[in-house]
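Pasting in a structure now, in structure tokens, and then I'll have a few things to ask.
Along the sequence shown, the residues carry numbers beginning at 1.
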Amino acid sequence: TCGHCLPTSQTTQSSAMPSEILPGFLFLGSYDDSAKNELLKAMGVGFVLNCVARCQNLYVNTFSYFRVTTSPPTLTECVRHLDAIRERKGRILVHCMSGQDVAPTVVVAYLMHSLGWGLQASIAWVHERRPTIQLKPDSLVRLQAFDAELGPRECQPPPGGGDAAMPGTPSFPMLFASKSVAKPGT
């Protein structure tokens, strides 16, 4: 672990490196992952979203950082920042201390916003790519409120050319749809 907390059976199971959530764009990790300067550079990461308001940014001369100002972070603020990086075709690491709750909450919110997926599908997608996530009940409540705030939206296919390209992607489209959206003329 990073030394900021005592190791537990849960923190010692953390991934050895950041997890790629959306190919070529979005990576999820812990504070320890954010300290792997050479690895992040090799992965093409140029941006870091630090989800811990009181956590210092480590390599300010190497990466462009955005550190949240509140705890827990404002999901809308984080989503806007991720949208801006995606528009620039950048690669970003989203991290919190353990990579298990706060940063995954932000990443799940981003999937719901950017791909129109429902809460359960977004969580399943992230969990499949980073099995160590453990969203706390208050994070789930925040995500449910964010889902309701987003309202009905169009569901996008999984990245990478559909479910055949990404093993384990649920094949039932209703899991991905947050709310059904009637198409004009139907």
**OP:** Taking the side chain as every heavy atom from C-beta outward, state whether T62 and L40 have any atom pair closer than 4.5 Å.
**Re:** no
**OP:** Taking the side chain as every heavy atom from C-beta outward, state whether L82 and I92 have any pair of such atoms under 4.5 Å apart.
**Re:**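 When only atoms from C-beta onward are counted, I92 and L82 do touch, with a gap below 4.5 Å.
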**OP:** Evaluate the side-chain proximity of L140 to T105: yes if any heavy-atom separation is below 4.5 Å, no if none is.
**Re:**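 The answer is no; the side chains never approach within 4.5 Å.
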Subject >> Reported OH-to-CG distance for the pair Y59 and N37, which is rounded to 0.5 angstrom >> reply: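 Y59 atom OH to N37 atom CG measures 5.0 Å (nearest 0.5 Å).
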**OP:** Identify whether V52 and V60 are in the same connected component of the hydrophobic contact network (ILVMFWY, side-chain heavy atoms under 4.5 Å).
**Re:**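 As far as the 4.5 Å side-chain criterion goes, V60 and V52 are connected within one cluster.
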Subject >> Atom NZ of K136 with >12 non-hydrogen neighbours under 6.0 angstrom >> reply: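 No, not enclosed.
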**OP:** Flag yes if V102 and V108 sit in one hydrophobic cluster, no otherwise; membership is Ile, Leu, Val, Met, Phe, Trp, Tyr, and two members link when side-chain heavy atoms are under 4.5 Å apart.
**Re:** no
Subject >> Interatomic distance, I21 atom CD1 to L26 atom CG [nearest 0.5 angstrom] >> reply: 6.5 Å
Original post:
R91 side chain to M43 main-chain N or O, any donor-acceptor pair under 3.5 Å?
Top reply: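 Answer holds: yes.
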Original post:
Is D33 salt-bridged to K36, cutoff N-O under 4.0 Å?
Top reply: yes
Original post:
Counting distance only, does the side-chain N/O of Y31 pair as donor-acceptor with the main-chain N or O of H95 below 3.5 Å?
Top reply: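 No, because the side chain of Y31 does not come within donor-acceptor range (under 3.5 Å) of the backbone of H95.
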Original post:
Are any of the side-chain nitrogens in R80 or E77 under 4.0 Å away from the carboxylate oxygens of its partner?
Top reply: no
Original post:
Hey, does the side chain of R153 reach the backbone of M112 with a donor-acceptor pair shorter than 3.5 angstrom?
Top reply: yes
**OP:** Hey, could you give me the CG/CG distance between L115 and L22, rounded to the nearest 0.5 Å?
**Re:**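 So the gap between those two atoms works out to 6.0 Å.
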Subject >> N57 side chain to R67 backbone, donor-acceptor under 3.5 Å >> reply: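 Side chain of N57 to backbone of R67: no pair is present.
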Original post:
Taking atom NZ of K89 and atom CD of E87, what is their separation to the nearest 0.5 Å?
Top reply: 9.0 Å
**OP:** Write down the atom of C55, the atom of M97, and the distance for their closest heavy-atom approach.
**Re:**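 Taking C55 first and M97 second, the nearest heavy atoms are SG-SD, 4.0 Å.
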**OP:** Verify, without hydrogens or angle tests, whether Y110 (side chain) and C78 (backbone) share a donor-acceptor contact under 3.5 angstrom.
**Re:**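 Not confirmed, Y110 side chain does not pair with C78 backbone.
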**OP:** Say whether, by atom type as modelled, one donor and one acceptor occur between the side chain of R88 and the main chain of A84 under 3.5 angstrom.
**Re:**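 Not at all, since once roles are kept as given, no pair shorter than 3.5 Å links the two residues.
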**OP:** May I ask you to test the C96-V106 pair for a side-chain heavy-atom distance under 4.5 Å?
**Re:** no
Subject >> For W117 against S122, the heavy-atom pair lying closest together >> reply: CB-OG, 3.4 Å
Original post:
Which pair of non-hydrogen atoms, one from G90 and one from F25, has the smallest distance, and what is that distance?
Top reply: O-CD1, 3.2 Å
Original post:
How long is the span from the OG atom in S34 to the CG atom in L58, to the nearest 0.5 Å?
Top reply: 4.5 Å
Subject >> Single-linkage hydrophobic cluster V107~I85, side-chain heavy atoms < 4.5 angstrom >> reply: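 Yes, because V107 and I85 connect within a single hydrophobic cluster, where side-chain heavy atoms sit under 4.5 Å apart.
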**OP:** Side-chain contact test, heavy atoms from C-beta onward, threshold under 4.5 Å: evaluate it for R142 versus F146 and give yes or no.
**Re:**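 Side chain of R142 against side chain of F146, heavy atoms only: no contact under 4.5 Å found.
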Original post:
Under the side-chain contact (heavy atoms from CB on, under 4.5 Å) criterion, do F27 and S19 qualify, and how do the steps go?
Top reply: CA-CA 5 Å; F27 297 85; S19 304; over 6 Å; no
Original post:
Hey, does the side chain of E20 reach the backbone of G24 with a donor-acceptor pair shorter than 3.5 angstrom?
Top reply: yes
Original post:
Heavy atoms, side chains only, cut-off 4.5 Å: are M17 and L39 in contact?
Top reply: yes
**OP:** Would you give the length of the straight line joining atom NE2 of H81 to atom OG1 of T74, rounded to the nearest 0.5 angstrom?
**Re:** 14.0 Å
